[in-house]
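Since the structure comes first, as structure tokens, the remarks are kept for the end.
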There are 2 protein chains.
Amino acid sequence: MDSNNPKQLNPNVSVDCVIFGFSFDKLKVLLIEREGDFVDMAARLALPGDLIFNHEDLHMAANRVLEELTGLKDIYLKQIGAFGEPNRISKKTDQDWLRSIRADPGARVITIAYYSLVNVKDLNPSPSSFAKAVNWYPVDEIQDLAFDHYRILTEAVKQLRSELQQRPIGFNLMGEYFTISQLQKMYEAILNKPLDKRNFRRKIKKLDILSATDLKEKNVVNKPARFYKFNEAIYNALIENGFDNFGF
Amino acid sequence: MDSNNPKQLNPNVSVDCVIFGFSFDKLKVLLIEREGDFVDMAARLALPGDLIFNHEDLHMAANRVLEELTGLKDIYLKQIGAFGEPNRISKKTDQDWLRSIRADPGARVITIAYYSLVNVKDLNPSPSSFAKAVNWYPVDEIQDLAFDHYRILTEAVKQLRSELQQRPIGFNLMGEYFTISQLQKMYEAILNKPLDKRNFRRKIKKLDILSATDLKEKNVVNKPARFYKFNEAIYNALIENGFDNFGF
DNA sequence: CCAAAAGTGTTGAAGTTACACCCATGC
DNA sequence: GCATGGGTGTAACTTCAACACTTTTGG
């Protein structure tokens with residue numbers, strides 16, 4: 001039986017990944033464009049995901065989807081929750097598409113959603129077996145997605161926002177070197193509100209998880225900004241003790 | 001096939017409920033005691049749960065388990081997340097027990113965990129088909145449970161604690177009438193730290209979700225405390241707008 | 001020298017913490 | 001009258017929000 005054989009895909013449980021990135025001052029999400037004829041663009045786009053194997057745990061499955069798509073390992077990954085109305089695969093185009101890739105397209109599937117944070121420069125998303133194309137899309141321009149993926153995305157953004165105000169997880173979206181202004185723009189994009197420059201710098205610096213470098217911007221038409229690095233040692237210590245307050 | 005027939009239990013997905021109550025100044029959890037021979041008490045106790053039907057959504061399934069066990073409907077219910085290491089059913093006694101109640105005891109099962117908050121006086125937990133006995137246990141005295149239920153409980157407590165500091169959900173644990181001291185003891189039990197009486201009262205009253213009544217304690221050996229009621233209308237308005245800060 | 005973004009302190013308001021005494025009741 | 005828990009205010013401290021000008025660079 002399917003659900004006993006460890007090497008088999010389990011027909012009832014999938015993982016979906018909301019992969020966030022930050023570029024051009026906007027929060028982006030990595031979506032796959034599916035093969036086939038679609039009337040509206042929204043139904044064409046979906047979160048990357050797959051059924052789980054019986055032998056792998058949920059985190060492993062999410063990591064597998066992530067690695068297949070992005071080539072990245074060991075990146076920030078957090079479970080959002082389980083989604084699974086019985087009728088989540090009600091759109092006809094979704095049914096057609098499933099028939100084309102799954103052995104048992106009519107099965108009841110519940111999906112465990114994860115979100116992850118990556119630095120867009122670390123990856124070159126490449127088409128996978130499921131996807132015609134893979135691209136970054138600005139979160140604030142997305143109106144709808146396949147299946148119940150829009151709802152999952154909405155929930156992911158909500159949790160990201162909340163988490164960002166508890167812990168400085170946003171560094172996972174930045175490159176190795178960054179300016180404080182870039183950092184601020186990331187916070188503003190995710191929280192969707194402007195922040196005061198002086199208050200922002202004070203708050204970030206008080207956390208003491210930045211290391212100043214001697215590097216500065218070059219070829220800018222204004223006063224060049226200093227580059228900082230993220231101090232992982234202090235960050236980990238903070239995680240242990242818990243950040244009590246960290247609100248913007 | 002199982003996973004297509006809407007009236008069938010889905011062999012791969014279950015829900016488990018962490019049902020919290022508050023009595024004798026302690027946070028309690030409702031656990032079932034399983035039939036059978038168990039060496040250690042811990043393995044004997046488990047969270048109530050069941051496989052889901054293919055036709056029901058996850059929330060419905062959790063509500064069904066809850067209602068079967070407690071007779072209560074429409075109570076506070078929140079998803080904790082999905083749990084599902086492939087080896088979560090590794091303890092031998094757990095395997096034996098599953099064989100006794102499930103058609104497909106070897107199947108890979110992932111479980112969606114929920115926690116809920118009830119007033120212990122509203123219910124008379126009664127043995128169900130799965131359980132020899134159902135009882136309240138103090139959370140802080142539990143060392144281990146069947147399957148991975150101890151881990152689920154730990155996560156539930158963590159989320160409850162966090163949520164309680166964001167929103168005044170604790171009222172779901174209280175009866176219709178309560179004194180402010182009782183309320184404070186509930187907060188102290190969940191947060192596991194003493195709170196200042198005057199500061200507590202100030203903070204709660206500022207929320208403006210209490211209605212004072214004319215009732216007072218009777219037959220107490222000290223100054224009788226006033227009973228309050230929970231003002232649901234104002235509470236709902238607050239939920240809409242979001243509580244910004246509500247930390248103890 | 002002009003345009004553009006970097007970088008830097010202070011002040012008033014609000015919120016949080018710590019703390020001690022009188023009150024009403026049953027026995 | 002005494003033991004018990006109910007109920008109340010204030011002062012020091014910390015945190016947060018609002019706000020404007022000087023600096024450095026490229027063109």
Side-chain angles (χ1 to χ4, degrees), chain A residues 24-26 164-168 174 177-189 191-208 210-229 238 241-248, chain B residues 24-26 164-168 174-175 177-189 191-229 238 241-248:
Chain A
F24 296 101
D25 296 351
K26 288 206 160 195
L164 187 69
Q165 293 179 81
Q166 310 291 317
R167 300 154 178 268
M174 309 301 287
Y177 297 92
F178 50 85
T179 69
I180 296 188
S181 288
Q182 287 165 1
L183 202 58
Q184 180 175 345
K185 279 174 186 149
M186 190 237 352
Y187 274 86
E188 289 176 330
L191 302 179
N192 200 26
K193 68 178 179 192
L195 300 172
D196 181 272
K197 185 162 54 153
R198 281 174 285 192
N199 294 339
F200 180 83
R201 295 168 108 88
R202 193 190 356 259
K203 216 173 276 191
I204 284 289
K205 287 190 171 167
K206 186 140 134 238
L207 285 178
D208 207 37
L210 293 186
S211 302
T213 71
D214 291 331
L215 302 171
K216 297 196 175 173
E217 286 178 320
K218 295 239 161 82
N219 302 319
V220 288
V221 68
N222 47 28
K223 177 172 174 178
R226 180 181 293 274
F227 282 109
Y228 288 80
K229 293 181 74 169
L238 279 177
N241 308 333
F243 297 84
D244 257 342
N245 277 316
F246 186 68
F248 280 99
Chain B
F24 296 103
D25 296 351
K26 288 207 160 194
L164 187 68
Q165 293 180 81
Q166 311 290 318
R167 300 152 178 267
M174 309 300 288
Y177 297 92
F178 50 85
T179 69
I180 297 189
S181 288
Q182 286 164 2
L183 202 58
Q184 180 175 346
K185 279 173 186 152
M186 191 249 329
Y187 273 87
E188 289 177 330
L191 301 179
N192 200 26
K193 68 179 178 192
L195 300 173
D196 181 271
K197 186 163 51 156
R198 282 175 285 193
N199 294 339
F200 179 82
R201 295 168 108 87
R202 194 190 354 262
K203 216 174 277 191
I204 285 289
K205 287 190 171 168
K206 188 142 131 231
L207 285 177
D208 208 39
I209 50 177
L210 294 186
S211 302
T213 69
D214 291 331
L215 302 171
K216 296 196 176 176
E217 286 179 319
K218 296 238 160 87
N219 303 318
V220 289
V221 67
N222 47 29
K223 177 172 174 178
R226 179 180 294 273
F227 283 110
Y228 289 80
K229 294 181 74 169
L238 279 177
N241 308 333
F243 297 83
D244 257 343
N245 277 316
F246 186 70
F248 279 98

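Residue numbers begin at 1 in each chain, while the letters A, B, ... track the order of the sequences.
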Next on the checklist: A side-chain contact here means heavy atoms from C-beta on lying under 4.5 Å apart; do B:L215 and B:R226 qualify?
Outcome noted: no
Checklist entry - Is there a side-chain polar atom (N or O) of B:K205 under 4.0 Å from OP1 or OP2 of D:dT8? => result yes
Checklist entry - Of the nucleotides D:dG6, C:dA6, D:dA17, which one has an atom closest to the side chain of B:K197? => result D:dG6
Item to check | Flag side-chain contact, heavy atom, 4.5 Å: B:E217 against B:S181 | outcome: no
Checklist entry - Counting only distance, no hydrogens or angles, is the base of C:dA3 paired donor-acceptor with the side chain of A:N222 under 3.5 Å? => result no
Item to check | Rounded interatomic separation in angstrom, taking CD from A:E217 and C1' from C:dA6 | outcome: 9 Å
Checklist outcome for this item: Ranking A:P224 and A:K203 by the position along DNA chain D of their nearest nucleotide, the one closer to 5' is A:K203
Checklist entry - Tell me: CG of B:L183 to P of D:dG6, nearest whole Å? => result 12 Å
Next on the checklist: On DNA chain D, does the nearest nucleotide to A:N199 precede the nearest nucleotide to B:R226 from the 5' side, or the other way round? Give the residue.
Outcome noted: B:R226
Item to check | For atom CG of B:L195 and atom P of C:dA18, their distance in whole Å | outcome: 11 Å
Item to check | Residues forming a ring-ring contact (aromatic ring centres under 6.0 Å, His included) with A:F227, sequence neighbours excluded | outcome: none
Next on the checklist: By the 4.0 Å heavy-atom rule, please label B:R201 as base, sugar-phosphate, or nothing.
Outcome noted: base
Checklist entry - Among the nucleotides C:dA24, D:dG26, C:dG9, which one has an atom lying closest to any side-chain atom of A:V221? => result D:dG26
Checklist outcome for this item: note: A:E188, atom CD; C:dA5, atom P; distance rounded to Å ~ 13 Å
Item to check | Rounded distance in Å - NZ (A:K223) to P (C:dA6) | outcome: 10 Å
Next on the checklist: Can you measure A:D196 atom CG to C:dT10 atom P for me and round it to whole angstrom units?
Outcome noted: 16 Å
Next on the checklist: Can you confirm whether A:Y228 sits close enough to A:F178 that some side-chain heavy atom of one is under 4.5 Å from a side-chain heavy atom of the other?
Outcome noted: yes
Next on the checklist: Just to be sure I understand the rule, does A:S181 reach a base, reach only the sugar-phosphate, or reach nothing, if contact means heavy atoms closer than 4.0 Å?
Outcome noted: sugar-phosphate
Item to check | Value in whole Å for how far the C1' atom of D:dC19 lies from CZ of A:R202 | outcome: 11 Å
Checklist entry - In whole angstrom, what separates A:L210's CG from C:dG7's C1'? => result 15 Å
Item to check | Rounded distance (nearest 0.5 Å) linking atom CD of B:Q184 with atom OH of B:Y187 | outcome: 11.0 Å
Next on the checklist: Should the side chain of B:R198 and the base of C:dA20 be counted as holding a donor-acceptor pair, with the cut-off at 3.5 Å?
Outcome noted: yes
